[in-house]
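In what follows, residues are counted from 1 in the order of the sequence shown. All ligand and atom numbering here is 1-based and tracks the order in the structure.
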Amino acid sequence: MNADSGERDWYAKAGVRRDPRRLLRDELRTGRLYFPPALIPYGAHPMVRALPAEAQEALAARHLFQYLGFTTHFETQVVNRATQLIATGGCGVDSTADTKLDAFRIYCDEGYHALYSFDVIRQIAVASGIEPVPYEFTPFRERLDAIGMEALPGQPVLAQLLQVVVFETLVTAILNEVPKDERVLGVVRQTVRDHARDEGWHHAFFSRFFRELWAQQSRAQRVRIARCLPGLIRSSLLPDLRPVRATLTVAGLSAAQVEDVLRDSYPQAESERGMRTAARHALRLFEETGVLAVDGAQYAFHAAGLLDEEIGDGS
Ligand SMILES: [Fe+2]
Ligand SMILES: [Fe+2]
């Protein structure tokens, strides 16, 4: 068993096995932040700054709620949809019993990530009196599924596997930076740190799994997969503005002001740069496995804005 795969470690080291329930202590009145300000792109916009202090506080809390709400839905509806297919042998890729056992472990991990994300939303909402804006996940999932349907018609399971390989090999700023920011509520930092630890392990699993999957594909199928991946990366990583629009509206901005704030706060070039940074490990995986060498792949990745910078940065 590979040292990264964790058969001996999972029972001692997985968050669901080891970590206590994270609780909101008496921190809300001490000026602790809900989320690092630098990770709330619209937080410093003049129109947002002009809102009453309470409305700005509610916006920050709801930014956190959106992140946690997204996690709750994504883990259960996207990651575990594919992970259970790997675990139960229904994914169309020949896998060893060890791989299936690891997939069951990840299934438990992701279920627990969903549980504690939901738990933290509830704890903070009750204590602060700030209600979450309902999170509509279905449009996001449908957009992701549409990319698979177009590039891999009639192969929904393969598309679902690729979604998860892409997402589980991304490195997002939130997982890295929230735990380090001592201004942020302890329960938030602990929860994100717990999650990041498990994800390091998942990253290794899904990188291995993709190598197995890729090795078993025909030449024609590889071409289709290579052309599907850039769209999956883009739709996983470009900012989803729908929920932001909803919270800015609840904060009291007019429809025109909301659009101004979004336009100023999410400049395209910056979103694209952030996407390439978060995708760098996924891109390196696709380069190493030969995905980028198949017909049309370079063009597709380039057209998606994914090859404008060096892939390797050593991190
Ligand atoms: Fe997770
Ligand atoms: Fe994961």
Any chance you could lay out the ring pair (Phe, Tyr, Trp, His ring centres under 6.0 Å) test for Tyr116 and His113, step after step, and finish with the verdict?
CA-CA 5 Å; Tyr116 61 53; His113 301 165; 5.6 Å; yes

What is the name of the N/O/S atom of Glu168 that is nearest to the Fe ion (ligand 2)?
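Nearest N/O/S atom: OE1.
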
Checking Phe104 against Tyr107 for the ring pair (Phe, Tyr, Trp, His ring centres under 6.0 Å) test, could you report, in this order, the C-alpha distance in whole Å, the side-chain angles of both residues, the deciding distance, and whether it holds?
CA-CA 5 Å; Phe104 274 117; Tyr107 190 85; 7.2 Å; no

Under a 3.5 Å threshold, yes or no: a donor from one side chain and an acceptor from the other, between Asp119 and Gln123?
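Yes, a side-chain donor-acceptor pair sits under 3.5 Å.
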
One pair to check against ring pair (Phe, Tyr, Trp, His ring centres under 6.0 Å): Phe210 and Phe206. What are the steps and the verdict?
CA-CA 6 Å; Phe210 180 74; Phe206 281 101; over 10 Å; no

Below the 2.8 Å mark, what number of protein N, O or S atoms do you get around the Fe ion (ligand 1)?
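Those protein atoms number 5 in total.
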
Of all heavy-atom pairs between Gln217 and Arg222, which one has the smallest distance, and what is that distance?
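In this case the closest contact between Gln217 and Arg222 is O-NE, 3.5 Å.
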
Main-chain N/O of Glu136 paired with Arg242 side-chain donor or acceptor, under 3.5 Å:
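Yes; judged by distance alone, with no hydrogens or angles, the pair exists.
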
